Amino acid sequence: MTYEKALEKLLPAGQEHLLKYYDELNDGEKEDLLSQIEALDLSLLDLLKDGVKEVPKGKLAPLGAVTLAEIAEKREDYERKGIEAIQAGKVGAVLLAGGQGTRLGLDKPKGMLNVGIHKELYLFEQLVNNLMQVVNKTGAWIPFFVMTSEKNNEDTTAFFKENNYFGYNKDYVYFFVQEMAPSVSYEGKVYMEEKGKLSTSPNGNGGWFSSLARAGLLKTMDELGVEWLNVFAVDNVLQKIADPVFVGATMDAKCECGAKVVAKAEPNERVGVLCLEDGRPSIVEYYEMTEEMIHSKDEKGTLLYNYGVILNYLFDVKALTRIMNEYMPTHIVEKKIPYIDKNASLVKPEEPNGYKFETLVLDMIHMMNNCLSFEVEREKEFAPIKNRTGVDSLESARELMKLNGIEL
């Protein structure tokens, strides 16, 4: 892109300030800035025109789950089906690892967090260990796709390489970078981080499949014969990955996707709950639920909205490809965004000062025709590390890891 083309793109949108320092940049920086402007999706700014509105929910209804007891009864059959699919190369795993460990006091990718006590045990390492359990059981390497971000890609790929991929076969590890979205002021002006750098952030966990496709990995999956993708978050250290029982149950139910869920600890637990919305699978956030929804029970005394998601999903690749070109809602989120002021000095605000644009995996669930709700044991599969101390922290995760016999 030339300077003239960039200006032509920016002027109608009132974003010409992005070229303010162009003449002060060296040739490499100029080229980089023009590339950023070329990639900039200005259509996102249209979402601000009528004010920030959350995507409205349709008619909600409860969705039960295949319970722990029901899974136990058919476990052998589910596991056999899942193992057959894995051995046939039909199952891949996708790690969502685009975030930094800032909230945990780590100025590095979150996966580089040391979760060990008496020895070094990194979050990435433990997740690979979890995946290796299935590799050892099935005798098959599972294609392992790791989504990074522009901010942490270099650190992440170098860390895996330095640690010899934590014992995983590097020929089955594929890194790809999540697409970015601009960060804007309340007036809709795109912020700048530096004179030659726009302020951008990853486009939310719903952008993983489009980012994977953009990286050319659909062809790789097709060549490998991958038909199912197990998508999971980096921060749950007890995550079971490519779990044959989960795979087999989802296939057996003839569903396009599956979601691992845990029974709520108590009615007001702050988790997103799997439900139906206008007859299709969906997730309702705890703050979107009415008091009636929160406390309603069935004839057995079980909460009707009982099953919280843990960001561990299984998707049919054909279904993902189908929805890729369909409209996915973009959520506008208020954030604290570092930016350079009119004197080109970096400002780190203490209060929210603008918006970021995110797509969410929960919207992908709603675009599916059906979804198997698959209950798992909280103490065995759910130990998220979101805070330094207290609930969902490194402390609480370590306690659960010890309970599960993981040497720390």
Side-chain angles (χ1 to χ4, degrees), residues 91-137 141-178 202 205 207-208 211-212 215 217 220 229-243 260 310-313 361 380-388 392-402 404-408:
V91 181
V94 182
L95 167 59
L96 307 183
Q100 294 288 90
T102 316
R103 282 174 64 183
L104 302 166
L106 179 71
D107 188 28
K108 291 285 182 184
K110 188 181 270 191
M112 287 174 66
L113 181 71
N114 178 24
V115 297
I117 298 172
H118 304 295
K119 66 171 187 175
E120 284 187 340
L121 177 64
Y122 300 104
L123 191 42
F124 280 140
E125 181 178 7
Q126 184 55 44
L127 292 172
V128 171
N129 290 347
N130 297 349
L131 183 55
M132 280 300 300
Q133 290 178 14
V134 180
V135 171
N136 292 333
K137 176 175 272 191
W141 291 103
I142 294 157
F144 184 31
F145 303 92
V146 181
M147 185 175 79
T148 66
S149 65
E150 282 182 8
K151 286 181 167 62
N152 77 8
N153 181 64
E154 207 172 297
D155 283 338
T156 301
T157 52
F159 194 63
F160 268 82
K161 195 172 181 181
E162 284 163 17
N163 288 279
N164 197 28
Y165 299 82
F166 306 105
Y168 210 76
N169 185 337
K170 72 178 190 305
D171 294 340
Y172 287 84
V173 181
Y174 306 87
F175 295 97
F176 66 102
V177 179
Q178 185 173 9
N205 58 25
W208 68 268
S211 298
L212 187 146
L217 289 169
T220 303
L229 288 173
N230 182 202
V231 185
F232 60 100
V234 71
D235 58 12
N236 179 6
V237 74
L238 288 184
Q239 201 93 243
K240 282 192 180 177
I241 305 158
D243 174 6
K260 285 199 169 187
I310 62 171
L311 218 169
N312 187 313
Y313 302 110
V361 71
K380 290 185 177 177
E381 294 198 37
F382 191 45
I385 303 173
K386 297 185 183 296
N387 309 302
R388 290 197 203 193
D392 294 344
S393 66
L394 180 56
E395 287 177 352
S396 60
R398 280 172 171 163
E399 290 307 310
L400 285 166
M401 290 170 78
K402 286 178 196 170
N404 283 278
I406 297 170
E407 192 183 322
L408 300 176

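Source: prediction; values computed, not measured.
Atom CG of Leu217 and atom OH of Tyr174 lie 8.0 Å apart (nearest 0.5 Å). The CG atom of Asp235 lies 8.5 Å from the CG atom of Asp392; values are rounded to the nearest 0.5 Å. Atom CZ in Phe382 sits 10.0 Å away from atom CG in Leu400 (nearest 0.5 Å). With rounding to the nearest 0.5 Å, the separation of OH in Tyr165 from CZ in Phe159 is 13.0 Å. Rounding to the nearest 0.5 Å places OH of Tyr172 at 12.5 Å from CG of Leu131. Annotation: the span from Glu162 atom CD to Phe166 atom CZ amounts to 9.0 Å, rounded to 0.5 Å.
Closest approach of Ser149 and Val177 over heavy atoms only: C-CG1, 3.7 Å. Nearest approach of Asn169 to Trp141, heavy atoms of both residues: N-CZ3, 3.3 Å. Minimum interatomic distance between Gln239 and Ala233 (heavy atoms only, all atoms of both residues): NE2-O, 3.1 Å. Taking both residues in full, the closest heavy atoms of Lys119 and Glu407 are given as CE-O, 3.1 Å, listed atom of the first, atom of the second, then distance. The two residues Ala242 and Asn230 have their closest heavy-atom pair at N-OD1, 2.7 Å. Across Ile385 and Ala397, no two heavy atoms sit closer than the pair CG1-CB, 3.5 Å.
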Pairs under 3.5 angstrom only: tabulate donor-acceptor contacts from the side chains of residues 100-115 to other protein residues two or more places apart or in another chain.
| residue | atom | partner | partner atom | Å |
| --- | --- | --- | --- | --- |
| Arg103 | NH2 | Asn387 | OD1 | 2.8 |
| Asn114 | OD1 | Gly116 | N | 3.0 |
| Asn114 | OD1 | Leu121 | N | 2.8 |

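Side-chain contact check for Phe145 versus Leu229: some heavy-atom pair is nearer than 4.5 Å. Looking at Leu95 and Ile241, their side chains never come closer than 4.5 Å, going by heavy atoms from C-beta outward. Residues Val234 and Phe124 have side chains in contact (heavy-atom distance under 4.5 Å, counting atoms from C-beta outward). For the pair Asn312/Asn236, no side-chain contact is recorded, criterion being any heavy-atom separation below 4.5 Å from C-beta on. A 4.5 Å side-chain heavy-atom check between Asp243 and Val134 finds every atom pair outside the cut-off. Using a 4.5 Å heavy-atom cutoff, the side chains of Met147 and Leu212 are not in contact. At least one side-chain heavy atom of Met401 sits less than 4.5 Å from a side-chain heavy atom of Val237. Taking 4.5 Å as the limit, some side-chain heavy atom of Leu311 sits within range of a side-chain heavy atom of Leu96.
Side-chain atoms of Asn152 do not come within 3.5 Å of backbone N or O of Thr148 as any donor-acceptor pair.
Asn129 and Gln133 share no side-chain donor-acceptor pair at under 3.5 Å.
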*Please test Ile406 against Gln126 for side chain to side chain contact (heavy atoms under 4.5 Å, CB included), starting from the C-alpha separation and ending with a verdict.*
CA-CA 9 Å; Ile406 297 170; Gln126 184 55 44; 3.7 Å; yes
